[in-house]
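Take a look at the structure set out below.
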Amino acid sequence: ELVDFGALAKRGFHSIKVKCSGGKSIDSGRSALARATTKMQEDDLRLRIDFNGSADAVFLDSLLSGLSQEQLDRIEFLEDPLPSDQPRAWLDLRARFPQLALFVDRAGEEDRELLALADGWVVKPALQGEEWLKSARREGGTQPLAFTQYLGHALGAAWAAWHAASAEA
């Protein structure tokens, strides 16, 4: 295995984010998720899966329906599982897998319906800015926030941490 989950847990990690493409083989994707989530149980780690809006409902149903309940319980949330212009498909996915939280990342102010129905938001302060978050909160958005950085630079991490610490819950 490429990832030592035990070492990550000892370093204080609680969640691990992976990118997943909707165009990959369902069998190999399901097998990789099953192995990872099974190993993560030993260290009480959770998995965040980011599809970047690349999957479709058929792919997600096939991928997720092959996992056991214990494996599904290791998934903290699905990030942008479907394209942002398909809020109905998001609702259908939630109905099929109600135990999985659906977080939105790639949504702008024009995607108000999707922002309202999402279980949580991924916030990148360097991209969206503080005013976007304040505006969304004023308009009734109360979903949990997952702050992240854009790209991988330490300055981006510091900027995201500052916004996370100063965000109004």
Side-chain angles (χ1 to χ4, degrees), residues 14-26 29-30 32-33 36-37 40 45-67 69 71-153 156-157 159-169:
H14 303 282
S15 301
I16 297 170
K17 179 177 177 174
V18 296
K19 298 277 189 172
C20 187
S21 172
K24 299 288 183 189
S25 161
I26 291 171
R30 187 183 312 115
L33 278 177
T37 53
M40 293 173 94
L45 290 169
R46 305 281 309 272
L47 188 62
R48 297 175 176 185
I49 307 171
D50 184 358
F51 291 91
N52 284 330
S54 68
D56 61 30
V58 172
F59 176 86
L60 289 169
D61 188 66
S62 296
L63 179 72
L64 298 170
S65 63
L67 298 176
Q69 186 59 53
Q71 292 165 334
L72 288 171
D73 289 343
R74 290 286 102 205
I75 299 174
E76 186 174 1
F77 61 77
L78 303 179
E79 181 179 333
D80 286 339
L82 297 153
S84 62
D85 63 351
Q86 297 178 12
R88 180 69 202 162
W90 284 62
L91 289 171
D92 292 343
L93 179 63
R94 174 180 289 132
R96 178 79 170 95
F97 298 97
Q99 73 275 36
L100 295 178
L102 306 179
F103 274 51
V104 64
D105 175 13
R106 294 180 179 233
E109 290 188 29
E110 68 279 1
D111 298 309
R112 293 190 189 283
E113 182 180 5
L114 185 59
L115 290 167
L117 72 84
D119 298 308
W121 302 344
V122 175
V123 179
K124 293 182 177 122
L127 285 181
Q128 292 151 316
E130 186 176 353
E131 286 308 310
W132 175 87
L133 182 57
K134 286 181 179 179
S135 172
R137 287 300 199 209
R138 276 193 303 272
E139 294 180 25
T142 59
Q143 292 89 337
L145 304 175
F147 282 86
T148 187
Q149 64 200 37
Y150 185 61
L151 302 175
H153 195 276
W159 183 251
W162 181 83
H163 277 282
S166 63
E168 294 179 24

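Remark: the backbone N or O of Met40 is not paired with any side-chain donor or acceptor of Arg46 at under 3.5 angstrom. Between the side chain of Trp90 and the backbone N or O of Asp85 there is no donor-acceptor pair closer than 3.5 Å. No donor-acceptor pair closer than 3.5 Å links the side chain of Asp105 to the backbone N or O of Asp80. Checked by atom type and distance alone, the side chain of Asp50 never pairs as donor or acceptor with a backbone atom of Lys19 at under 3.5 Å. Side-chain atoms of Gln143 come within 3.5 Å of backbone N or O of Leu115 as a donor-acceptor pair. No donor-acceptor pair closer than 3.5 Å links the side chain of Arg74 to the backbone N or O of Leu47. A distance-only check finds no donor-acceptor pair linking the side chain of Glu113 to the backbone of Pro87 [under 3.5 Å].
Rounding to the nearest 0.5 angstrom, the gap separating the CD atom in Gln69 from the CD atom in Gln99 is 5.0 Å. The distance from the CG atom of Asp73 to the OG1 atom of Thr37 is 10.0 Å, given to the nearest 0.5 Å. For the atom pair CD1 of Ile49 and NZ of Lys17, the computed distance is 11.5 Å after rounding to the nearest 0.5 Å. Atom CG in Leu100 sits 9.0 Å away from atom CG in Leu67 (nearest 0.5 Å). Here the straight-line distance linking atom CG of Leu102 with atom CG of Leu82 works out to 8.0 Å at 0.5 Å rounding.
With a 4.5 Å cut-off on side-chain heavy atoms, Ser84 and Val104 do not count as touching. Between Gln86 and Asp56, every side-chain heavy-atom pair lies at or beyond the 4.5 Å cut-off. Proximity of Leu33 to Gln71: side-chain heavy atoms (C-beta onward) are nowhere separated by under 4.5 Å. No side-chain heavy atom of Phe97 sits under 4.5 Å from any side-chain heavy atom of Leu78.
The aromatic rings of Phe77 and Phe103 lie parallel to each other, with less than 30° between the two planes, well short of the 60° mark.
For Asp61, the side chain to side chain donor-acceptor pair (under 3.5 Å) partners at least two apart in sequence or on another chain are Arg96.
Scanning both residues, Arg48 and Ala146, for their nearest heavy atoms gives NH1-CB, 4.2 Å. Across every non-hydrogen atom of Pro83 and Ala55, the tightest pair is CD-O, 3.5 Å.
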